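Some notes on the structure that comes next.
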Amino acid sequence: MEQNGTFPIKISELNVLRDEATSYLKGVQWEQGRKAKSRDKSKKEESILLYLSKANGTAANEVTSVSKTILSLKKRLLPDSVAIPLHLNRALYALQEGLTIGIWLRDSYADASGLSTLIERKSSLDGAQRRTYDAKQQTATAFMLQGIAARILFDLNSFADENLSVMTNKFAGIPELSVISPLKGISCMLYYFDKYLSHPEIITSDEEVTNFTVVFFKAILVELQQRLSTFEFTETITDRTYKLEKSKFAISGWNNTFEDSVKSVSFNKIKFEEIVGNRDAKHFARRLTERLMSYDFTAKKNPFQELGGFMPVFMGYGIPGTGKSMLIAAIATKLKEHCDALDIPFLFHPMPDTLISTFQGGSAEKMVQWMKPLQDPTKLIFAPIDDAENNLQERTAQGVSAGVKEVIGVFLRYTEGAYAITYGNSAIGMFTNLPEMLDKAVISRVQGRFKIDGARTIPDFIDQDYIWWNTFDKTMPHFVNMKKPENYQFLGNQGLAKNLGEILNRSEKPAEAKILEIYEHTEAKYNTNEHMFFAELYKNIQKSFPFFSSRDIRNIQSAISLRLTDFNLPDDWFNDAAVYFKKDYTTKLEMLKELMKSNMKGLDFADIRRQETVRYLDNIATIADTDFKRKVEARVHDLNVQLAANKFFEKN
């Protein structure tokens with residue numbers, strides 16, 4: 001056994017169980033239940049479900065043989081071939097390995113939970129013991145089925161089409177899934193898998209075998225997740241992780257772990273120094289990478305969570321063309337460089353453009369699939385959402401689709417709620433040109449925000465031109481025959497700041513008129529170094545901005561904590577992982593505390609609190625004001641069109 005509740009799944013032990021797994025593929029018996037036979041059928045489902053209930057007769061305890069069905073399918077798909085088609089063969093192998101893992105998990109749970117002892121004494125159990133036996137049998141079956149589905153998806157997910165909507169449309173669901181006992185669970189599952197597989201309308205090509213198998217076993221996982229509250233004696237499932245020897249595959253509690261097969265998306269490599277301007281954004285990005293790198297894989301937590309400097313959800317905003325996409329690539333580049341140097345797994349996991357589905361519930365399902373990998377504690381994860389206003393638009397706005405509402409609902413549950421598991425190894429970054437169009441509840445989840453404003457100074461404009469014309473200079477020396485600026489090193493001003501103090505405009509009071517009025521009204525009653533000042537300020541802000549809530553106050557507190565932890569990790573920590581990154585969690589935390597104490601010398605808590613509060617309040621006022629102005633401009637435009645139309649009508 002490994003430390004921290006992680007148990008190895010040994011290959012040698014699986015080899016012993018493979019014959020049992022194969023026997024299930026050769027034949028199982030299952031009789032459909034009454035509910036499955038009489039299930040209400042929509043027009044879409046009717047032909048398929050009738051086929052499932054009537055195919056091959058309706059005999060009791062009908063024998064189903066997946067291996068025979070696969071041979072029949074082989075003859076139908078490739079009648080002139082001796083070999084089994086690639087996708088069909090891969091699916092069969094994945095099914096065999098999934099069954100083997102499931103059987104191992106069944107036996108492991110039985111031993112750990114005491115079910116094995118109850119099985120041995122089955123004939124002499126009293127009433128209470130019999131109820132315990134039945135409950136543990138059901139839990140063992142559910143855990144086994146989850147393991148089967150998760151392993152199959154781990155093996156096949158990367159080979160399936162990215163868009164499974166066609167197969168999802170064909171799929172009519174699983175009429176029933178038995179968890180009474182492991183044998184009945186496997187028999188029921190394979191019965192319906194076999195019936196679908198042999199249906200002539202479901203599988204029309206070899207490639208569709210993989211797509212169907214993925215859709216089917218995802219449905220198995222969804223069904224199990226919906227029943228979780230009914231399972232008892234789950235302690236020996238939720239308190240440990242089972243990891244397959246010589247593989248990344250793992251089962252951690254009831255988590256759907258096929259996300260391990262999610263691959264990092266390719267990206268253009270860009271250094272922070274190549275991005276012109278955006279000092280605030282680049283500084284925040286640098287801090288983000290340092291904090292993610294501090295995650296402890298053994299303790300499964302991040303010391304910066306204790307210090308208050310870690311923000312799992314952040315937002316970068318600015319007008320088009322100021323470098324949002326470049327910043328995403330630069331963050332991914334820096335994290336990948338560090339992870340490669342320290343031999344740490346890294347996942348670049350941007351939100352896909354095809355998230356919104358036209359099918360009811362399809363968008364929520366896709367969003368869950370995207371969010372789930374963020375709960376994987378075995379790698380560092382950066383999950384950017386570019387053009388966030390497309391998928392996270394204000395739900396109350398006219399014309400917002402049901403798909404957007406589904407996506408937002410899932411996002412909110414997984415970022416702060418029962419599903420929100422924050423290990424400190426992943427960060428979601430929202431990037432937008434239109435922050436005022438984002439849903440208010442989504443914005444409230446944002447714990448760190450920065451402006452992406454592009455070139456703003458003379459050196460910025462010089463450097464932006466330099467990046468462009470330097471390509472000519474490299475390929476055709478002396479072609480760019482223009483005088484260079486004196487006493488200036490190109491890109492010299494594009495380096496990273498040491499701390500936020502170098503970047504921030506130290507405004508003592510708000511810049512937004514409405515916030516300034518509230519601020520000065522509050523200041524007339526209390527001094528800004530009093531706790532009562534902030535309590536009164538928040539109350540007054542809430543009167544004018546009803547959406548301002550306790551979560552906003554927590555976000556202000558997070559911003560203050562970020563300022564207090566605004567220090568650089570020493571270069572030698574990155575040069576030699578043993579100095580810091582390979583230390584145990586407690587040692588890393590103490591090292592960071594020492595850096596924090598050193599950094600805080602000369603800082604004034606009251607000043608920092610006031611500055612960050614002012615920045616945050618100005619920010620929400622700007623977003624609210626922009627939204628209002630946009631609505632006014634749209635109304636004015638409509639009125640002008642109406643007036644012009646009236647004049648045109650009168651003339652004609």
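This is a predicted model, so every value here is computed, not measured. All residue numbers refer to positions in the sequence shown, counting from 1.
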Practice task
Evaluate whether atom CG of Asn575 has more than 12 neighbouring non-hydrogen atoms of other residues, nucleotides or ligands under 6.0 angstrom away.
Solution key: yes

Fill in the blank from the handout: What one should report as the nearest heavy-atom pair of Leu307 and Ser561 is O-CB, 4.4 Å

Exercise for the section: Determine yes or no for a side-chain-to-main-chain donor-acceptor pair under 3.5 angstrom, with Lys301 supplying the side chain and Glu306 the backbone. Expected result: no

Handout entry: Audit row: Arg563, Gln611, side-chain hydrogen bond (donor to acceptor under 3.5 Å, both in side chains) steps and yes/no
Key = CA-CA 10 Å; Arg563 283 286 301 277; Gln611 290 168 13; 3.3 Å; yes

Problem - Check: Gln225 main-chain N/O paired with Gln146 side-chain donor or acceptor under 3.5 Å - result: no

Handout entry: Close side-chain approach of Leu438 and Glu394, heavy atoms under 4.5 Å
Key = no

Exercise for the section: Examine Lys269 relative to Phe267 and say whether NZ or CZ is less than 6.0 Å from the centre of the six-membered ring and inside a 45° cone about the ring axis. Expected result: yes

Practice task
Look only at the side chain of Thr333 and the backbone of Ile270, and say whether a donor-acceptor pair between them is shorter than 3.5 Å.
Solution key: yes

Exercise for the section: Report the C-alpha separation of Ile462 and Tyr488 in whole Å, then their side-chain angles, then the decisive distance to 0.1 Å, and conclude whether the side chain to side chain contact (heavy atoms under 4.5 Å, CB included) test is met. Expected result: CA-CA 10 Å; Ile462 290 174; Tyr488 182 71; 4.1 Å; yes

Handout entry: Approximate separation, where rounding is to 0.5 Å, of Ser426 OG and Asp376 CG
Key = 9.5 Å

Exercise for the section: Please answer whether the main-chain N or O of Arg395 pairs with a side-chain N or O of Asp439 as donor and acceptor at a distance below 3.5 Å. Expected result: yes

Handout entry: Ion pair check, Arg615 and Asp280, cut-off under 4.0 Å
Key = yes

Practice task
Specify the closest pair of heavy atoms between Ala160 and Val214, including all atoms of both residues, with the distance to one decimal.
Solution key: CB-CG2, 3.8 Å

Problem - 4.5 Å side-chain heavy-atom contact, Leu392 and Met437 - result: no

Handout entry: Test item: Glu594 and Met591 side chains (from C-beta on) under 4.5 Å apart, heavy atoms
Key = no

Exercise for the section: Output yes when Lys336 and Asp340 qualify as a salt bridge under the 4.0 Å nitrogen-oxygen rule, no when they do not. Expected result: yes

Problem - More than 12 heavy atoms from other groups under 6.0 Å of CG on Asn268 - result: no

Practice task
Hey, could you give me the CG/CD1 distance between Leu244 and Ile251, rounded to the nearest 0.5 Å?
Solution key: 10.0 Å

Problem - Parallel, tilted or perpendicular: ring planes of Phe314 versus Phe382, cut at 30 and 60 degrees - result: parallel

Problem - Quiz item: cation-pi between Arg291 and Phe304, 6.0 Å / 45° - result: yes

Practice task
Quick one: closest heavy-atom pair of Asp618 and Ala511, and the distance?
Solution key: OD2-N, 2.8 Å

Exercise for the section: Verify whether the ring centers belonging to Phe159 and His87 lie closer than 6.0 Å. Expected result: no

Practice task
Taking the side chain as every heavy atom from C-beta outward, state whether Asp387 and Thr432 have any pair of such atoms under 4.5 Å apart.
Solution key: no

Practice task
Could you check whether the rings of Tyr580 and Trp573 sit parallel, tilted or perpendicular, using 30° and 60° as the cut-offs?
Solution key: parallel

Exercise for the section: Return the minimal non-hydrogen interatomic distance between Gln393 and Ala397, and the atom names on each side. Expected result: NE2-CB, 4.2 Å

Handout entry: Check against side chain to side chain contact (heavy atoms under 4.5 Å, CB included), Tyr295 and Ile344
Key = CA-CA 11 Å; Tyr295 172 71; Ile344 292 172; over 6 Å; no

Practice task
Apply side chain to side chain contact (heavy atoms under 4.5 Å, CB included) to the pair Leu221 and Leu153, showing each step before the final yes or no.
Solution key: CA-CA 10 Å; Leu221 287 179; Leu153 291 170; 3.5 Å; yes

Practice task
Could you tell me whether a side-chain N or O of Asp552 sits under 3.5 Å from a main-chain N or O of Leu617, the two making a donor and an acceptor?
Solution key: no

Exercise for the section: Enter the distance from Gln557:CD to Tyr616:OH here, rounded to the nearest 0.5 Å. Expected result: 11.0 Å

Exercise for the section: Identify whether the distance between the nearest side-chain nitrogen and carboxylate oxygen of Lys588 and Asp296 falls below 4.0 Å. Expected result: yes

Practice task
Report yes or no: is the cationic atom of Lys243 (NZ for Lys, CZ for Arg) under 6.0 Å from the centre of the six-membered ring of Phe249, at an angle within 45° of the ring normal?
Solution key: no

Fill in the blank from the handout: Interatomic distance, CZ@Arg445 vs OG1@Thr415, rounded to 0.5 Å, equals 4.5 Å

Handout entry: NZ on Lys334 to CE on Met293, rounded to 0.5 Å
Key = 10.5 Å

Practice task
For the residue pair Trp370 and His349, categorise the inter-ring angle as parallel (less than 30°), tilted (30 to 60°) or perpendicular (more than 60°).
Solution key: parallel

Problem - Tyr93 atom OH: more than 12 heavy-atom contacts under 6.0 Å - result: no

Handout entry: Smallest separation among heavy atoms of Ile331 and Ala285, with atom names
Key = CG1-CB, 3.5 Å

Handout entry: Distance-minimising heavy-atom pair for Ala250 and Thr241
Key = CB-CG2, 4.1 Å

Handout entry: Expected output: side-chain Thr471 to main-chain Trp468 donor-acceptor under 3.5 Å
Key = yes

Problem - Close side-chain approach of Arg449 and Ile443, heavy atoms under 4.5 Å - result: yes

Practice task
Look at the aromatic rings of Trp469 and Tyr466 and report parallel, tilted or perpendicular, splitting at 30° and 60°.
Solution key: perpendicular

Problem - Asn211 side chain vs Leu164 backbone, donor-acceptor pair below 3.5 Å - result: no

Practice task
Determine, stepwise, if the pair Asn278 / Lys451 fulfils side-chain hydrogen bond (donor to acceptor under 3.5 Å, both in side chains).
Solution key: CA-CA 8 Å; Asn278 293 319; Lys451 196 169 186 178; over 6 Å; no

Handout entry: Side-chain heavy atoms of Glu245 within contact of Ile9, under 4.5 Å
Key = no

Exercise for the section: List the steps and the verdict of side-chain hydrogen bond (donor to acceptor under 3.5 Å, both in side chains) for Thr457 and Asp460. Expected result: CA-CA 5 Å; Thr457 65; Asp460 287 345; 3.2 Å; yes

Practice task
Could you tell me whether the side chain of Lys324 and the main chain of Asn433 form a donor-acceptor pair under 3.5 Å?
Solution key: no

Practice task
Would you mind reporting whether Met367 and Met351 have side-chain heavy atoms less than 4.5 Å apart?
Solution key: yes

Practice task
Begin from the C-alpha positions of Asp566 and Arg287 and carry the test salt bridge (Lys or Arg N to Asp or Glu O under 4.0 Å) through to its verdict.
Solution key: CA-CA 8 Å; Asp566 185 34; Arg287 289 287 179 260; 2.7 Å; yes

Handout entry: Note: Lys271-Glu274 ion pair, threshold 4.0 Å (strictly below)
Key = no

Handout entry: Test item: Gln305 side-chain N/O and Thr422 main-chain N/O as donor-acceptor pair under 3.5 Å
Key = yes

Exercise for the section: Would you indicate whether Asp584, at its atom CG, is surrounded by more than 12 heavy atoms from other residues, nucleotides or ligands within a distance under 6.0 Å? Expected result: yes

Problem - Worked verdict on Asp463 versus Gln494 for side-chain hydrogen bond (donor to acceptor under 3.5 Å, both in side chains) - result: CA-CA 8 Å; Asp463 289 334; Gln494 305 310 324; 2.9 Å; yes

Problem - Thr587 side chain to Lys583 backbone, donor-acceptor under 3.5 Å - result: no

Fill in the blank from the handout: dist Asn599:CG -> Thr565:OG1 (nearest 0.5 Å) comes out at 8.0 Å

Exercise for the section: Evaluate the side-chain proximity of Leu95 to Thr213: yes if any heavy-atom separation is below 4.5 Å, no if none is. Expected result: no

